[in-house]
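Notes for the one structure printed next.
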Amino acid sequence: MTGLKIQQNEDVHQRVLDAQMKKALAQREPTWDEVWFTGWAKPSGKNQPGIFQSKLSGLDKERLHKVKLAIESGEISRDVESLKKFTKAHALRLYKVLQDTRKHSILQKMVDETPDNYRFIQTEVQLEQLVQDLADETVIAVDTETTGLDVYNDMIVGISLTLPKADYHVYIPVAHKVGKQLNRQVVLNALTPMLSNPTVGKVLHNAKYDIHMLIRHGVRMRGLVHDTRVAMALLNENEPSYALKNLATKYGSKFGFEDTSHTFDELFGKTCFDEVPLDVALVYAAKDTHLTWKLYEWQQQHLQRLGKLERLYRELENPLIEVCVDMEQCGFLIDKNYAQQYGEELRSEIRQLEQSLTDHFGDINYNSTIQLARKLYDELKLPEVNARSTDVKTLKALKDKHPGIEYLLKYRELTKLLSTYVEALPERIKPDGRIHGSFNQVATVTGRFSSNEPNLQNLPIKARKLIIAPPGKLLIGSDFSQIEPRLLAHISGDKHLQEPYLNGQDLYSTLASKVFKKPIEECGDGSKYRKMMKVGLLAVMYGTSMHTLSTQLEITVDEAHQFIGDFFRTYPQVHSFIKYTHEFVKENEYVETLYGRKRRFPGHRQKAKVYDSLAKQICEILGVDELPLNVWRNNDIPRDLKRRFYDVKGDVESARRQSVNAIIQGTAADVMKRAMLNLHKYCTARGWTLCGTVHDEALMIVDDTVTECDVKEIEACMITAASLTVPLKVDTEIMQRWGEGVKKGEWFASAA
DNA sequence: CGGCTGGGCCAC
DNA sequence: AAACGTGGCCCAGCCG
């Protein structure tokens, strides 16, 4: 009876999907390449020294040499004042030399072609006029030039502004080594009312960086209306470079910049911007805001055209930029003593392991896969189970073959922990005693956050323990429970998958009971069926091959195939959703999340058509409906057909897996980002701080007086971030040390 | 020496 | 032939 019912549901669902598909196709948007996919920007000359730097490098050496000679010959004395005089005089001479030698260079061309409406602000009078003109503007473009990229150590060298109504672009040098300029504080004082005024809209490229920089100089910028870097990531998540000048070179012709725009690296390499002569600085820096403004106008058109993306940008990504800034400013406190002590323990344990390893394998570098493979496979003749690989999986398989392997595995584990985390984290401590990793909201194709310098999203539990709450504070970690399966249940509309969530049952137990047709008692926590189901559901969402699934579950490939088949028969709408997604991406070359974030697959349609037609031919030859598991080994299929099929197989199947995954993972990312906006608002109002995210988890620093009721409100911020057909669930841990969390129930029980 | 790549491995 | 999605960091080894 149930089988028949499911069958009927599937048919109904299929008809709905067919209708949706027809509708989608009828009104489908032109795909990316049809509209404006004009090829890749070439980040050329990336590892070259920069036009400016190459001219300076020789002179720099010369300067050092001359200073040395002058000191040795007694021409100047060793005191600071004389040295300063000498180098300043030399800097001026250097500048003149530079002016002579770059006559035919790109820099000279840039300077010669400086547009009339690029202006310096070098005097009090000019600054006063600028402030007056700014009063008439409603939205402006802003950019800062700095001594480097470290927002906690480097300094602002100059500020660029674009005034769209007055139609001019300014560069305000404030800390160049040579040239007429105003004092930085004078300039900031004059601009602060405008910068901190939220009703004056600001447009920037990578605003997070400039906001941090201004914070460093005591100014909190408000009124961010558009970030061309973030918006570009929504408009093309596949863009190979988001450097402003690379975007200008690639898309500039759409908004009036026909020439090649050179990036900072290309022009200046590692030269500090305060050494760049003012005439070059003007044309480079003013062009920054000029380009940003033009890019903004052009992006606006496209965001309007793609309505959903405009909303996603305005409601989610743009406000999230400030959240990100606050998160990074907060940072994490490291327990230095713990790190020191733990480091010592690890080093001593590693030294002992090295001794044992030397006894077993002789004096080689155990971090070198090349030396290790030579030792294991050439000298010791261990069986090559996995093509001379030396990864953990292979080593575990070889464990019985050689007594040294277990030491090697332990060595791997400990050196990874020591070098990547325990030693690396304390080195990141900034002047304020904390580590400020950065969180990037637009670094992934699916919309997830990424983190770097250091990556705070991949700390193992043992390394998380280095991070502690500041005195009088507590760390709170709230994570969405099973958000991806819940989203699969919502998006696929599969009533059977939704059921356990609606009835408050355990998902994996229920699933296992149905798919394996076992009584629920046999599928409880810790049962093998529940464990298998957990892996199996992930496999369905990620599109795992039968081969991989079979090794993961330690079953045969046929059993894995049977398992997935049973799963799809039990949850037919999940199957329909996946098939529908594959069809959709084949026609449209993109998929989108619940909130309209897109993942595009340029060029997929053609390959998918080839794939489908070849697959059909193969099926016809074999007289079957479904592609067999191993086409390659089947000798009934002509070699040429097989070859052509395998030419596109990898790309097409990969894009299909990515498309399904992008919808689930991307929607989860959207929900988390919405939750973060809620949490940031809530925490800020209480004087607390949202300080990080690990994909489905939010981290906060709160007062140690936090109550059970506060925690409920925090969870509500997250749960209400999306309204789905299944409820969202949040689990919260409270901790003094990350990685030593206590569930909220236990925490408040023991507190009372 | 700095930059790059591939192998390996940490997280969700 | 390839085998599961999204990231970033460390190390060895190579190159200019």
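Protein chains get the first letters and strands the later ones, always in sequence-line order, with residue 1 at the start of each.
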Within 45° of the six-membered ring axis of [Y] and under 6.0 Å from that ring's centre, is NZ or CZ of [X] located there?
X      : Y      : result
A:K598 : A:Y590 : yes
A:R434 : A:Y152 : no
A:K673 : A:F449 : yes

* **Test log, rule side chain to side chain donor-acceptor pair (under 3.5 Å), inputs A:N236 and A:E239** => CA-CA 6 Å; A:N236 184 11; A:E239 198 67 52; 3.1 Å; yes
* List in chain and number order the residues that pass side-chain contact (heavy atoms from CB on, under 4.5 Å) with A:M532, two or more places apart in sequence or in another chain; answer none if no residue qualifies. => A:F516, A:L553, A:I555
* To do: Name all residues meeting the side-chain contact (heavy atoms from CB on, under 4.5 Å) criterion together with A:S613; count only those two or more places apart in sequence or in a different chain, and write none if there are none.
  => A:Q617
* Asked: Between C:dG8 and A:S450, is there an OP1 or OP2 to side-chain N/O distance shorter than 4.0 Å?
  -> yes
* **Heavy-atom side-chain proximity of A:D566 to A:Q562 below 4.5 angstrom** => yes
* When you compare B:dC9 with C:dA1, how far apart are their C1' atoms, in angstrom units rounded to a whole number? -> 25 Å
* **Distance between P atoms of C:dA2 and B:dG6 (Å, rounded)** => 16 Å
With a 4.0 Å cut-off on heavy atoms, is [X] in touch with a base, just the backbone sugar-phosphate, or nothing at all?
X      : result
A:V660 : nothing
A:R633 : base
A:S389 : sugar-phosphate
A:A424 : sugar-phosphate
A:R599 : sugar-phosphate
A:E653 : nothing
A:V392 : sugar-phosphate

Provide, to the nearest angstrom, the distance between the [atom1] atom belonging to [X] and the [atom2] atom belonging to [N].
X      : N      : atom1 : atom2 : result
A:D391 : B:dG6  : CG    : C1'   : 13 Å
A:L553 : C:dA3  : CG    : C1'   : 15 Å
A:L409 : B:dC9  : CG    : C1'   : 13 Å
A:L408 : B:dG7  : CG    : P     : 18 Å
A:I664 : C:dG5  : CD1   : C1'   : 11 Å
A:N386 : C:dA2  : CG    : C1'   : 13 Å
A:L629 : C:dA1  : CG    : C1'   : 14 Å
A:L418 : B:dC10 : CG    : P     : 14 Å

Side chain of [X]: nearest nucleotide among [options]?
X      : options              : value
A:R657 : C:dG8, C:dG5, B:dG8  : C:dG5
A:R448 : C:dG5, C:dG8, C:dC9  : C:dG5
A:T390 : B:dG8, C:dA1, B:dC12 : B:dG8

* Asked: Which heavy-atom pair separates A:A698 from A:L679 by the least distance, and what is that distance?
  -> CB-CD1, 3.5 Å
* Structure fact -> When every non-hydrogen atom of A:L466 is compared with those of A:V422, the smallest separation belongs to CD1-CA, 3.8 Å
* Contacts of A:Y209 that satisfy ring pair (Phe, Tyr, Trp, His ring centres under 6.0 Å) - sequence neighbours left out -> none
* **Heavy-atom neighbours of A:K430 NZ exceed 12 at 6.0 Å** => yes
* Under 3.5 Å donor-acceptor, A:D363 side chain and A:T358 backbone -> no
* Main-chain N/O of A:T446 paired to A:E237 side chain as donor or acceptor, under 3.5 Å -> no
* Please work out which residues in residues 457-464 of chain A have a non-hydrogen atom less than 4.0 Å from an atom of DNA chain B and list them by number. => A:Q457, A:N458, A:L459, A:P460, A:R464
* Asked: How far does the helix from B:dC1-C:dG16 to B:dC12-C:dG5 bend, going by the axes of its first and last five pairs, to the nearest 10°?
  -> 10°
Taking only N/O atoms, report every protein-nucleotides 11-13 of chain C pair under 3.5 Å with atom names and distance.
unit_1, atom_1, unit_2, atom_2, d
C:dA12, OP1, A:N365, ND2, 2.7
C:dA12, O3', A:S368, OG, 3.1
C:dG13, OP1, A:S368, OG, 2.8
C:dG13, OP1, A:Q371, NE2, 3.4

* To do: Look at the side chain of A:K416 and the base of B:dC9, then say whether one donor and one acceptor between them are separated by less than 3.5 Å.
  => yes
